[in-house]
Amino acid sequence: MSDLSAPTVLAVDGNSLLHRSFHAQASTMYRTPDGVQGWAVRGLLSQLLTAVDRVCADVVVVGFDDRGNSSRKKRWPHYKAQRAPKPESLERQLDLAVQVLRELGVVVVVPEGLEADDVLASVAAQAPAWGARTVVATSDRDSFALIDANTKMLRILNGGVDASPLLDPERLAMVTGVRPEQYLDLAALRGDSSDNLPGVTGFGTKTAVKLLQALDTAQAAFDDAECGGGRCAAAVGKARANALAAPGARDRWSHNCEVMAMVTTADLGLDASLSRGRLPLDEDAVRSTYSRFELHLPGAIRALTLREPAKTVTEPFFDPRWRAAPRPHPGPLPKLVPAPAGPAYVQETLF
């Protein structure tokens with residue numbers, strides 16, 4: 001969509017941003033003035049504010065996983081089976097984030113049986129019918145596949161939103177060597193250890209990119225491999241061509257594609273009016289939310305209500321009731337579960 005007047009829907013992967021904040025800010029053990037553990041939610045609110053400001057969002061949608069009710073895990077029990085249970089403090093803050101963001105006034109979607117990236121995919125797929133453009137904000141590389149002429153991706157890296165690139169199809173191709181529509185093939189060939197999805201033997205990122213640059217699709221590569229593998233061998237060598245022709249290789253790729261494919265039909269509760277989650281948000285809700293987490297209130301008012309804050313706004317702002325009792329001692333640091341290999345929130349490189 002080339003119409004620059006089209007509204008921009010910012011679709012945020014709530015799980016991704018909150019996980020990153022949970023681990024990055026755990027040493028602070030931040031609690032709200034009323035004693036609630038909130039360092040991860042505080043980080044999410046801060047990053048959300050920066051993302052809204054950076055992409056000039058008109059509507060904000062935040063997606064979260066339907067924890068404990070994964071349709072993928074029910075269908076494929078091995079999916080993410082190796083992951084350790086989340087710390088209780090993380091589980092509590094995931095629930096708190098959903099509550100806080102709904103009170104703020106943005107659209108919060110927890111789709112039944114689905115995940116946050118399905119929310120992003122559904123926004124990207126449905127936005128053209130609303131006459132809108134989309135920016136998805138996540139650290140999950142799988143969302144590279146969502147980028148197109150109508151959808152950009154704010155790829156969250158360490159350093160936060162300000163340090164994160166905004167990718168369109170041309171920039172993605174420069175960074176990864178593949179087009180957005182090729183990315184699912186790349187991911188399925190490579191596999192994803194963090195999701196317990198082994199890839200095709202012998203194919204890491206670089207080899208998969210070379211193969212797709214030469215043959216365009218994985219389907220074409222497997223077809224060639226079954227007929228002698230001449231084109232595959234020219235692109236990635238005879239050994240890799242033989243690996244594609246090996247028993248089970250095509251099935252592994254096909255299985256990964258099926259598991260990794262994002263749902264685009266999640267019920268978002270939005271229509272062409274885009275009235276829900278639309279800026280400006282209610283100033284009282286913004287004040288209440290950002291004050292509770294002791295965040296920069298004038299900046300929040302400016303970005304989310306589209307108005308300059310009144311000169312009477314103090315920084316930071318506190319509800320006087322919070323001064324009635326001392327803040328509870330935060331107690332010992334929570335026991336953090338080591339992150340599994342390769343999750344999005346510890347991925348340091350762009351690709």
Side-chain angles (χ1 to χ4, degrees), residues 10-55 57 60-65 67 83-104 106 108-110 115-117 119-120 135-141 143 153-165 194 286 289-297 299-300 303-304 316 330-331 333-340 342-348 350:
L10 173 64
V12 178
D13 184 336
N15 280 76
S16 172
L17 268 66
L18 190 130
H19 273 73
R20 293 180 68 87
S21 295
F22 179 82
H23 290 278
Q25 303 296 325
S27 61
T28 70
M29 277 297 290
Y30 174 81
R31 289 176 182 254
T32 62
D34 51 347
V36 177
Q37 288 183 332
W39 65 89
V41 180
R42 189 173 193 264
L44 171 60
L45 286 169
S46 178
Q47 293 298 296
L48 178 67
L49 188 66
T50 308
V52 166
D53 204 32
R54 178 167 176 190
V55 306
V60 181
V61 179
V62 185
F64 287 92
D65 297 351
R67 309 194 316 277
R83 293 193 180 185
K86 292 181 177 67
E88 289 185 10
S89 52
L90 175 55
E91 294 280 7
R92 286 195 296 270
Q93 292 191 65
L94 281 164
D95 291 334
L96 178 61
V98 171
Q99 172 194 335
V100 166
L101 290 170
R102 283 177 172 158
E103 292 172 352
L104 179 62
V106 302
V108 179
V109 183
V110 186
E115 302 176 16
D117 54 2
V119 175
L120 272 57
V135 176
V136 298
T138 180
S139 57
D140 191 341
R141 294 175 297 177
S143 289
M153 176 180 176
L154 188 58
R155 166 75 158 109
I156 307 299
L157 299 171
N158 283 1
V161 171
D162 285 332
S164 300
S194 70
V286 174
T289 299
Y290 280 80
S291 297
R292 180 183 181 189
F293 289 86
E294 301 177 86
L295 288 164
H296 186 253
L297 187 57
L304 298 178
L333 288 171
K335 182 179 180 181
L336 299 182
V337 177
Y345 56 80
V346 296
Q347 179 70 30
E348 296 290 339
L350 176 58

Practice prompt. Can you spot which of Val52, Val55, Leu120 makes a side-chain contact (heavy atoms from CB on, under 4.5 Å) with Val135?
Written response: Val55
Worksheet item: Looking at residues at least two apart in the chain, or sitting in another chain, which of them share a side-chain hydrogen bond (donor to acceptor under 3.5 Å, both in side chains) with Asp13?
Response: Thr138
Fill in: Trace of the side chain to side chain contact (heavy atoms under 4.5 Å, CB included) decision for Leu10 with Val136
CA-CA 6 Å; Leu10 173 64; Val136 298; over 6 Å; no
Worksheet item: Hey, is the main chain of Ser194 close enough, under 3.5 Å, to the side chain of Arg83 for a donor-acceptor pair?
Response: yes
Worksheet item: Out of curiosity, Ser143 OG to Ile156 CD1, how far, rounded to the nearest 0.5 Å?
Response: 11.0 Å
Item to complete: Over all heavy atoms of both residues, which pair between Ala116 and Asp65 is shortest? Give the atoms and the distance, please.
Response: N-OD1, 2.7 Å
Practice prompt. Examine distances only and state if a side-chain atom of Gln47 and a backbone atom of Val161 form a donor-acceptor pair shorter than 3.5 Å.
Written response: yes
Fill in: By side-chain contact (heavy atoms from CB on, under 4.5 Å) - contacts of Ala97 (at least two apart)
Leu18, Val41, Leu44, Phe64
Worksheet item: Once you round to the nearest 0.5 Å, how far does CG of Asp117 lie from CG of Asn15?
Response: 9.0 Å
Worksheet item: Yes or no on side chain to side chain contact (heavy atoms under 4.5 Å, CB included) for Val100 and Thr289, after CA distance, side-chain angles and deciding distance?
Response: CA-CA 7 Å; Val100 166; Thr289 299; 3.6 Å; yes
Discussion item. Measuring from atom CG of Leu297 to atom OH of Tyr290, what distance do you get when rounded to the nearest 0.5 angstrom?
Written reply: 10.5 Å
Worksheet, complete the sentence: Closest non-hydrogen atoms of Arg20 and Leu157, given as atom of the first, atom of the second and distance, are NH2-C, 2.9 Å
Worksheet entry | Residue pair Trp39 / Gln93: nearest heavy atoms and the distance that separates them | N-OE1, 3.2 Å
Worksheet item: Less than 4.5 Å apart, any side-chain heavy atom of Leu304 and any of Leu49?
Response: yes
Worksheet item: When rounded to the nearest 0.5 angstrom, what is the spacing between CD in Glu91 and CZ in Phe22?
Response: 9.5 Å
Worksheet, complete the sentence: Between the CE atom in Met153 and the OG atom in Ser139, the distance rounded to the nearest 0.5 Å is 7.5 Å
Worksheet, complete the sentence: Minimal heavy-atom distance between Val98 and Val110, with the atoms involved, is CG2-CG2, 4.4 Å
Fill in: By side-chain hydrogen bond (donor to acceptor under 3.5 Å, both in side chains) - contacts of Ser21 (at least two apart)
none
Worksheet entry | Close side-chain approach of Val36 to Arg292, heavy-atom, < 4.5 Å | yes
Practice prompt. Please name the pair of heavy atoms, one in Val62 and one in Gly14, separated by the smallest distance, quoted to 0.1 Å.
Written response: CG1-CA, 3.7 Å
Worksheet item: About how many Å separate CZ of Phe293 and OG1 of Thr32, when rounded to the nearest 0.5 Å?
Response: 6.0 Å
Fill in: Closest non-hydrogen atom pair, Asp162 against Arg54
O-NH1, 4.1 Å
Practice prompt. Can you sort out the partners of Asp95 under side-chain hydrogen bond (donor to acceptor under 3.5 Å, both in side chains), two or more places apart, ordered by chain and number?
Written response: Arg67
Worksheet item: When you check the side-chain N and O atoms of Tyr30 and Glu294, is any donor under 3.5 Å from an acceptor?
Response: yes
Discussion item. Once side-chain contact (heavy atoms from CB on, under 4.5 Å) is applied, do any residues pair with Ser46, and if so which ones, sequence neighbours excluded?
Written reply: Leu295
Discussion item. Between Leu48 and Leu17, is there a side-chain heavy-atom distance shorter than 4.5 Å?
Written reply: no
Worksheet item: What residues form a side-chain contact (heavy atoms from CB on, under 4.5 Å) with Glu88, not counting sequence neighbours?
Response: Arg92
